[in-house]
Amino acid sequence: MKKIMTLALLAIFVSTASFGADKKVVTEGKSFTPMGNFRVQVAEKPVIKDGVELETYTITYDNPGLVVTVAIEKDKNCKRYLTFSDKLSVQYVCHGTYFGIERLTPENSVAGMTMDDASMNKTSYFHQRVISQGYNDMITCMRLIGAYFPELLVKPEA
């Protein structure tokens, strides 16, 4: 009887642990870039801007070397997806009529975010000015960021 109880408790513990781990994954998708597939997860540490804790996610790719953090800032007419990696920082905006990229403005930056034109593929930037028209929910926006952000990075010369 003691063995059965121990096995039952172990099974409950394992299923609870695996259920909790799956809960953190928000969405997955393909980037169609050399970075491979991506996974969006709830970040362990939220981004804090002006004393306010922002909803924060982390995008990781199959090929290591690029980790992207996305902090969502909401205001009356818009959601700003403050998107940054160690190589580049931008913001994606969703106004309800379109979803696209914008330059990071000083008032919308947080510590550690840099906007370096030398690190950005300007052609991809201009192609992303309007990625999607109409309203997009948060999951769709995160999938679009995961797919499009790697295209912004300047490719290293061969």
Side-chain angles (χ1 to χ4, degrees), residues 18 20-158:
S18 65
D22 288 343
K23 235 177 155 180
K24 285 188 152 197
V25 175
V26 176
T27 188
E28 298 175 315
K30 298 178 188 258
S31 72
F32 301 105
T33 69
M35 296 310 296
N37 297 335
F38 64 87
R39 173 180 276 179
V40 179
Q41 296 175 300
V42 175
E44 290 181 19
K45 267 180 111 174
V47 170
I48 298 174
K49 180 181 173 204
D50 299 330
V52 177
E53 197 173 282
L54 302 178
E55 191 176 346
T56 308
Y57 299 90
T58 303
I59 303 173
T60 55
Y61 294 86
D62 285 346
N63 294 330
L66 180 62
V67 176
V68 180
T69 302
V70 180
I72 302 173
E73 183 178 40
K74 301 172 187 173
D75 65 25
K76 197 173 180 179
N77 302 318
C78 176
K79 274 189 186 177
R80 296 185 187 285
Y81 295 83
L82 306 172
T83 306
F84 55 99
S85 71
D86 60 342
K87 299 175 172 119
L88 180 67
S89 299
V90 294
Q91 66 182 355
Y92 288 89
V93 294
C94 183
H95 290 287
T97 56
Y98 73 92
F99 176 78
I101 196 168
E102 287 183 359
R103 296 184 63 80
L104 190 63
T105 58
E107 62 269 6
N108 287 326
S109 69
V110 252
M113 298 177 83
T114 58
M115 182 68 186
D116 181 15
D117 284 346
S119 302
M120 184 174 27
N121 180 329
K122 291 171 188 61
T123 304
S124 290
Y125 173 82
F126 287 110
H127 285 171
Q128 293 183 32
R129 295 289 293 174
V130 175
I131 296 173
S132 171
Q133 293 188 353
Y135 174 78
N136 291 295
D137 63 4
M138 188 272 300
I139 299 291
T140 303
C141 291
M142 295 302 291
R143 289 178 63 90
L144 290 169
I145 292 168
Y148 282 93
F149 186 81
E151 293 178 3
L152 289 173
L153 301 174
V154 172
K155 310 293 186 272
E157 293 184 24

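Computed from heavy atoms alone, side chains included, the values below leave out hydrogens, waters and symmetry copies. Residue numbers start at 1 and run along the sequence shown.
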Problem - Short side-chain donor-acceptor distance under 3.5 Å, E73 and Y81 - result: no

Practice task
Would you give the length of the straight line joining atom NE2 of H127 to atom CD of E151, rounded to the nearest 0.5 angstrom?
Solution key: 10.0 Å

Exercise for the section: Could you pull out the closest heavy-atom pair between F149 and V90, with the gap in Å? Expected result: CE1-CG2, 4.0 Å

Fill in the blank from the handout: L153 and N121 have their tightest heavy-atom pair at O-CB, 4.2 Å

Problem - Side chains of T58 and V40 in contact at under 4.5 Å (non-hydrogen atoms) - result: no

Fill in the blank from the handout: In terms of heavy-atom contacts, Y57 and I72 come closest through CE1-CD1, 3.7 Å

Problem - S132 side chain reached by Y98 side chain, heavy atoms, under 4.5 Å - result: no

Exercise for the section: Kindly compute the distance separating CG (L66) from CZ (F38), expressed to the nearest 0.5 Å. Expected result: 12.0 Å

Fill in the blank from the handout: Rounded to the nearest 0.5 angstrom, the CD-CG distance for Q128 and L144 is 9.5 Å

Completion exercise
Tightest non-hydrogen contact, residues E102 and V93, listed as OE2-CG2, 3.5 Å

Handout entry: Interatomic spacing from CD1 in I131 to OH in Y148 - rounded to 0.5 Å
Key = 6.0 Å

Fill in the blank from the handout: Between the NE2 atom in H95 and the CG atom in N136, the distance rounded to the nearest 0.5 Å is 12.5 Å

Handout entry: K45, NZ: over 12 other non-hydrogen atoms inside 6.0 angstrom
Key = no

Handout entry: Heavy-atom side-chain proximity of V47 to L82 below 4.5 angstrom
Key = no

Handout entry: Sub-4.5 Å side-chain heavy-atom contact between I59 and I145
Key = yes

Practice task
For the pair D75 (side chain) and N77 (backbone), establish whether a donor and an acceptor sit closer than 3.5 Å, ignoring hydrogens and angles.
Solution key: yes

Practice task
Compare every heavy atom of I48 with every heavy atom of E53, then report the nearest pair and how far apart it is.
Solution key: CA-CG1, 4.3 Å

Handout entry: Non-hydrogen side-chain atoms of Y92 and R80 separated by less than 4.5 Å
Key = no

Show me the donor-acceptor pairs, under 3.5 Å and distance only, between side chains in residues 26-33 and residues at least two apart or in other chains.
residue : atom : partner : partner atom : Å
T27     : OG1  : R143    : NH1          : 3.0
E28     : OE2  : R39     : NE           : 2.9
E28     : OE2  : R39     : NH2          : 2.7
S31     : OG   : T33     : N            : 3.3
S31     : OG   : T33     : OG1          : 2.7
S31     : OG   : G36     : O            : 2.6
T33     : OG1  : M35     : N            : 3.2

Fill in the blank from the handout: In short, R103 meets Q91 closest at the heavy-atom pair O-NE2, 3.0 Å

Exercise for the section: Measure the spacing between CG of L104 and CZ of F84 and express it to the nearest 0.5 Å. Expected result: 10.0 Å

Problem - N/O donor-acceptor pair under 3.5 Å between D62 side chain and N37 backbone - result: yes

